[in-house]
Amino acid sequence: MPRTLQEQLDQVERDIELYSEFDKAEKARFNRESYLWTVEDRIEWQEIQSDNAERLRELLEERDALRTQLNP
């Protein structure tokens, strides 16, 4: 069953919130623990941060597109 535009927008906004909270938590963890990390740990953390930032950008674009469709 296809979801309505509003339901899709609500889900995207929840996803944005989750990714934003994860990003804040990861940056706090980095500030607390990074001095203990190996080079490999730091590289892995940077890759994860990059992937999350890309996904967050995609979600923001999707949210803007859905808002445009809902409020032409």
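- Classification of the F30-W37 ring pair by plane angle, with boundaries at 30° and 60°, yields perpendicular.
- To the nearest 0.5 Å, atom CG of residue L56 and atom CZ of residue F22 are 12.0 Å apart.
- D23 and S20 form no side-chain donor-acceptor contact under 3.5 Å, judged by distance and modelled atom types alone.
- Using a 4.0 Å cut-off between a side-chain N of Lys or Arg and a carboxylate O of Asp or Glu, E21 and K24 do not qualify as a salt bridge.
- Rounding to the nearest 0.5 angstrom, the gap separating the OH atom in Y35 from the CZ atom in R42 is 11.5 Å.
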Assess the residue pair L66 and Q6 against the criterion (side-chain contact (heavy atoms from CB on, under 4.5 Å)); give the C-alpha distance rounded to whole Å, side-chain angles, the decisive distance to 0.1 Å, and a yes or no. CA-CA 8 Å; L66 287 167; Q6 185 61 52; over 6 Å; no
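- In terms of modelled atom types and a separation under 3.5 Å, the side chain of R63 and the main chain of E13 share no donor-acceptor contact.
- Atoms CD1 and CG, on I16 and L59 in that order, are 5.5 Å from each other to the nearest 0.5 Å.
- The CG atom of D15 lies 6.5 Å from the CZ atom of R55; values are rounded to the nearest 0.5 Å.
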Please evaluate residues Q11 and R14 with respect to the criterion side-chain contact (heavy atoms from CB on, under 4.5 Å), reporting the C-alpha separation (whole Å), side-chain torsions for both, the decisive distance (0.1 Å), and the verdict. CA-CA 5 Å; Q11 181 62 51; R14 283 190 297 272; 2.8 Å; yes
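- Note that CD of E26 and CG of N31 are 11.0 Å apart. Values are rounded to the nearest 0.5 Å.
- W45 and I43 are not part of a single hydrophobic cluster, where members link through side-chain heavy atoms under 4.5 Å apart.
- Between the side chain of D64 and the backbone N or O of E61, no donor-acceptor pair lies under 3.5 Å.
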